[in-house]
Amino acid sequence: MSQFQIEGGTQLSGELSVQGAKNSVLPILAATLLNRDETVLLGCPHLRDVDASVEILQSLGCGAQWEGNSLAVNTAGLNKSTISDRLMREMRSSAIFLGAILARCGEAELSYPGGCELGPRPIDLHLAGLRTLGAEIREEGGILHCKARHLKGCTVVLSMPSVGATENLMLAACGAEGTTSIVNAAREPEILDLQNYLAACGVPIKGAGSSAITVVGGKRLHKCTYSIMPDRIAAATYLCAVASAGGEARLLRAQEEHLATVTAVLRESGCSIVSDDEGLVCRRTEKLRAVHPVRTAPYPGFPTDAQAILMAALLKSDGATVFEENIFSDRYRHVDELTRMGGNIRVAGRVAVVMGADRLRGAKVRATDLRGGAALCVAALAAEGLTQVEEIHHIERGYEDLVRDFTLLGAQIFRTGE
Ligand code: EPZ
């Protein structure tokens, strides 16, 4: 297995260009199944989860060709509507393929996506919405047997603004007869990116970014070249890296309007963040202050994916910060590892309280999940001595090259192992 070795104590200074967004490219890769012509995705990040999605597309008979960060997908050879259990377990968000396969093929067979490190990851809202559109879905022995000979557009109301369910329904609606309205839709920027891709292919769709999305189904999608939006959570990670280590960094392509709740908290803690038309410049020179309670919520609330990395940045701040994790049931797995580095954190259910520590010490720690692993790297920048981060395959699911990016910002980090 590989590890990251991080020598803490260096103030950051540098510039990087933020990678393409993992949580945008994954649903868009599923959406390419709706397009019988070629799709070329620009600014596509090389991630384990993208590799898993490409493997799924190829297992269905599609072609996928990389050229740098451009990925060309051709679905003309699609000859299957079944995804193997192995591939479904590779990546939790593989459920996102269901809506697109049903819209294209009229049937689908896939196993329940595995849970993950964040706790159970149910898809009941996905299935309920697809059934409302007319899909027949039989669940037997962990396998979903789905038929949708005739999806019919209608109004689908989500009981909660699930990102994945919203995306699955947008894709299924493209294959439904007539118009579909999705009510109480998730409002994340990645949903708008998916809409923009579908619109670029010729789908009459509108409303993404609001809680009401309308799709006119039955249109033939045409050839499209589309640029993936920058990854706002990767950008949040680098902002928190500067907050943690001190110094200054310029993050090209970072868009403040997608990060307003994160930049607000970092400014409250004492960081200076300036937004210009190229991106964001973050500076931290003084000791950070504790901030008002941080409550995670669906967009535009504070993103659950930034909870662990902000916690890591505040480990040496003055005072106590209360976190409340309201999206996932098991998203404090990074706390024990941060404690090994000297973090002073108390967890009670959904609440975690971070008391500022005078110093952090480098330690051997292990990544428990994608963002928890990134949090360990953020904390290591402020620790005295060497931190070894193990199980970094979790981190490589969502960060194209953390060693490259942290090194560009002036951090002392390198990778060991195979
Ligand atoms: C997406 O996951 C993201 N993943 C997650 O990012 C992100 O944390 C999450 O949205 C929230 O913003 C991708 O986009 C690939 P949800 P998703 O459906 O779609 C419950 C990362 O680190 N729920 O909005 O799975 C669910 O259990 C990852 O990049 C149901 O109960 O999120 C969770 O508690 C982690 N039934 C909550 O809703 C359902 O049918 C939010 O889930 C669906 C979801």
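Note that ligands are numbered from 1 as they come in the structure, with each ligand's atoms numbered from 1 the same way.
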ring-ring contact (aromatic ring centres under 6.0 Å, His included) pairs touching residues 363-382, sequence neighbours excluded, are none

So for Asp124 against ligand 1, with non-hydrogen atoms under 4.0 Å, the contacting part is both

Could you tell me if His222 and Glu38 have a donor-acceptor pair between their side chains, going purely by distance under 3.5 Å? no

**Asked** Is a side-chain donor-acceptor pair under 3.5 Å present for Glu109 with His145?
**Response** yes

Within the 4.0 Å heavy-atom cut-off, what Ser162 brings close to ligand 1 is both

- Do Glu325 and Thr304 meet the criterion of a side-chain donor-acceptor pair at a distance under 3.5 Å? yes

Heavy-atom proximity to atom 41 (C) of ligand 1, picking from Asp330, Ile327, Asp369, points to Ile327

Are the side chain of Arg284 and the backbone N or O of Ala243 linked by a donor-acceptor pair below 3.5 Å?
yes

Logged contact type for Leu125 with ligand 1, heavy-atom cut-off 4.0 Å, is both

Quick look: Lys22 vs ligand 1, heavy-atom contacts under 4.0 Å, and the answer is side chain

Residue, atom and distance of the protein heavy atom nearest atom 20 (C) of ligand 1 read Met160 SD, 4.1 Å

Logged contact type for Glu190 with ligand 1, heavy-atom cut-off 4.0 Å, is neither

Margin query: Within the 4.5 Å heavy-atom criterion, are Trp66 and Cys44 side-chain neighbours or not?
Written below: yes

One finds that the ligand 1 atoms under 4.0 Å from a non-hydrogen atom of Gly164 are 18 (O), 19 (O)

of all protein heavy atoms, closest to atom 15 (C) of ligand 1 is Asn23 OD1, 3.3 Å

For this session: Please determine, by modelled atom types, if Thr237 and Arg371 share a side-chain donor-acceptor pair under 3.5 angstrom.
Result: no

| said: Against ligand 1, does Arg331 come closer than 4.0 Å with any heavy atom? | reply: yes

Closest heavy-atom approach to atom 10 (O) of ligand 1 among Asp231, Val163, Thr296, Asp305 is made by Val163

Quick look: His126 vs ligand 1, heavy-atom contacts under 4.0 Å, and the answer is both

Geometric N/O contact Arg371 with ligand 1, under 3.5 angstrom | yes

Here the gap from Asp305 atom CG to Arg232 atom CZ, rounded to the nearest 0.5 Å, amounts to 7.0 Å

- Task: Indicate whether any N or O donor in one side chain lies under 3.5 Å from an N or O acceptor in the other, for Tyr197 and Thr32.
- Result: no

Ligand 1 to Ile123, heavy atom cutoff 4.0 Å, flagged ligand atoms 39 (C), 40 (O)

The residue among Val18, Leu259, Val274, Leu252 that forms side-chain contact (heavy atoms from CB on, under 4.5 Å) with Leu280 is Leu259

Any heavy atom of Ile96 under 4.0 Å from ligand 1? The part involved is neither

Would you check whether Leu26 has a nitrogen or oxygen atom less than 3.5 angstrom from a nitrogen or oxygen atom of ligand 1?
-> no

- Task: Examine Ser93 against ligand 1 and note whether any of their N/O atoms are separated by less than 3.5 Å.
- Result: no

- Is there a donor-acceptor contact under 3.5 Å linking the side chains of Glu390 and Gln388? yes

Could you tell me if any non-hydrogen atom of Pro122 lies under 4.0 Å from any atom of ligand 1? yes

Practice problem: May I ask you to say whether Asp330 pairs ionically with Arg350, meaning some side-chain N is under 4.0 Å from a carboxylate O? | Solution: no

Among non-hydrogen protein atoms, atom 11 (C) of ligand 1 lies closest to Thr304 CG2, 4.0 Å

For Val335, is there any backbone N or O sitting under 3.5 Å from a side-chain donor or acceptor partner on Thr339? yes

- Indicate yes or no: does an N/O atom of Ala165 lie under 3.5 Å from an N/O atom of ligand 1? no

among protein heavy atoms, the one nearest atom 17 (P) of ligand 1 is Arg121 NH2, 3.7 Å

